[in-house]
Amino acid sequence: MDTILVVNAGSSSVKLQIFSVEGEGRLRRQIKGQMDGIGSRPRLKASGAGGDPLADRAYPIEAVPDVATAMRIVGDWLREELRINPIAVGHRVVHGGPDYDKPVLIDHGVVARLERYVNLAPLHQPHNLSPIRSILANFPLLPQVACFDTAFHRSHGALADHYAIPHQLYAEGVRRYGFHGLSYEYIARTLPSVAPDIAKRRVIVAHLGSGASMCALKDGRSVESTMGFTALDGLPMGTRPGQLDPGVVLYLISEKGMSASNVQNFLYRDCGLKGLSGVSNDMRELEKSENPKAKLAIDYFVYRIGLSAGMLAAALRGLDAFVFTAGIGENSATIRERVVEQLGWLGAALDPIENSRHARVISRAGGGIPVYVVPTDEELMIAQHTLSLLASSRSRNPKQERLS
Ligand code: AMP
């Protein structure tokens, strides 16, 4: 059985999925797992397609000091215990910089280029590149594909891509990239089958998870995003503040004496729903909490989604449909209800029964703009990209190696 390994590596975890390649290039998810607690309490957990447990094992801290070691252990486990030798590996890479507007087959030159973007995404890019380098060193003929969170947004026009700062910084790469592109691309590709009437029209997609952003789609292409140079901008998130006056950062430095790395940690880890509520970064916890600050955090989240919808509708010059996706968007009927209330002036009206049963269409029939719930699948998107790039690479390089 031909399989594709999808890898999503972060600072302390390596998430993996295995897809089998079925007839006509269809992909079927077989395994989902992750090694987390790298450098603290390493643990490998994995399950099969039906949720059947395949592994749950802890490692001593010194056995898994970094992401590259975690990747090697996961690779050994796949090969030696499950006898899985993928035909290719697809990686989630947060930053493709200004040039990559689509996934790319990896070689040493691509890695060197992607290393240049480390300073555009210092918390993510180095960890994304680490397993790529390790596989390149150990299995140089195994095809690897980098799939970028930024690529789908490279269709933005100049106005959406710029900040009002001197051009030299733009030339260096200080641009409004936008993120969650693999999720939006999956939704854009799915709409023609689940919602053909709106697929080519003006659609706002709200990716509401622990990271959150919104994207304006026109004719299936991204024209604007709430995120910019980094994944800090836009909506409030689990631990990130979203839109913030840069003056606040100056205040932290000049009045609070915070260093650049203190500010970075603060903005990525201590703000957002967690910072505002003082209770949790997790929406489920906030929804359960009686604490008034938890209520304030939820109110703020909903309010900012409403404001951003106005901004994106202006970029689209109107709105034909709204789509919810990701953890909160797919699962929280309460948040959806409150967001749709905010969208009333744009013509949205909720069907509470359809919303409570998490139906595909949750807007009232016979009027207003339709509102959809479409589950996202970034890993499947990566696997699809990997398979299609593999097909073109095979014609160029007949020597293929498996992870063995
Ligand atoms: P993601 O990053 O897409 O996995 O989404 C994670 C976020 O989704 C967390 O804030 C979770 O609390 C939230 N979430 C998942 N399930 C639910 C649910 N049933 N109700 C409310 N929030 C949920």
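Whatever order the structure lists ligands and atoms in, that order sets their numbers, starting from 1.
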So is [X] polar-close to ligand 1, meaning N/O to N/O under 3.5 Å?
| X | value |
| --- | --- |
| His207 | no |
| Met283 | yes |
| Gly211 | no |

TODO: Indicate, as side chain, backbone, both or neither, the part of Glu330 found under 4.0 angstrom from ligand 1 when only non-hydrogen atoms are considered.
DONE: neither
Task: Leu27 side chain near Glu22 side chain, heavy-atom distance below 4.5 Å - done: no
Task: Ile106 and Val145, any side-chain heavy atoms less than 4.5 Å apart - done: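 SC-SC contact between Val145 and Ile106 ruled out.
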If you measure from [atom] to every heavy atom of [options], which option wins on shortest distance?
| atom | options | answer |
| --- | --- | --- |
| atom 14 (N) of ligand 1 | Gly327, Ala326, Pro375 | Gly327 |
| atom 6 (C) of ligand 1 | Gly238, Ala212, Ser210, Ser183 | Ser210 |
| atom 20 (N) of ligand 1 | Arg284, Glu378, His358, Arg336 | Arg284 |

Open item on the list: Could you check whether Asp149 pairs with Arg92 (Lys NZ or Arg NE/NH1/NH2 to Asp/Glu carboxylate O, under 4.0 Å)?
Closed with: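 Yes, Asp149 and Arg92 are salt-bridged.
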Open item on the list: Among all protein heavy atoms in this structure, tell me which lies nearest to atom 12 (O) of ligand 1, with the distance rounded to 0.1 Å.
Closed with: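 Looking at atom 12 (O) of ligand 1, the protein heavy atom closest to it is Asp282 OD1, 2.4 Å.
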- [ ] Anything under 30° is parallel, anything over 60° is perpendicular, the rest tilted; go ahead and classify His167 against Tyr170.
- [x]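 Geometry flag for Tyr170 against His167: tilted rings.
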Task: Test side chain to side chain contact (heavy atoms under 4.5 Å, CB included) applied to Leu169 and Tyr163, step by step - done: CA-CA 9 Å; Leu169 286 164; Tyr163 291 108; over 6 Å; no
Open item on the list: Tell me if the aromatic rings of Tyr184 and Phe152 count as close, with their centers under 6.0 Å from one another.
Closed with: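 No, ring centres 6.0 Å or more apart.
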Open item on the list: Suppose we call two aromatic rings close when their centres sit under 6.0 Å apart. Are His153 and Tyr177 close by that rule?
Closed with: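 Not under 6.0 Å, so no.
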Task: Proximal atoms of ligand 1 relative to Glu287 (non-hydrogen, under 4.0 Å) - done: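 Those atoms are 20 (N), 21 (C).
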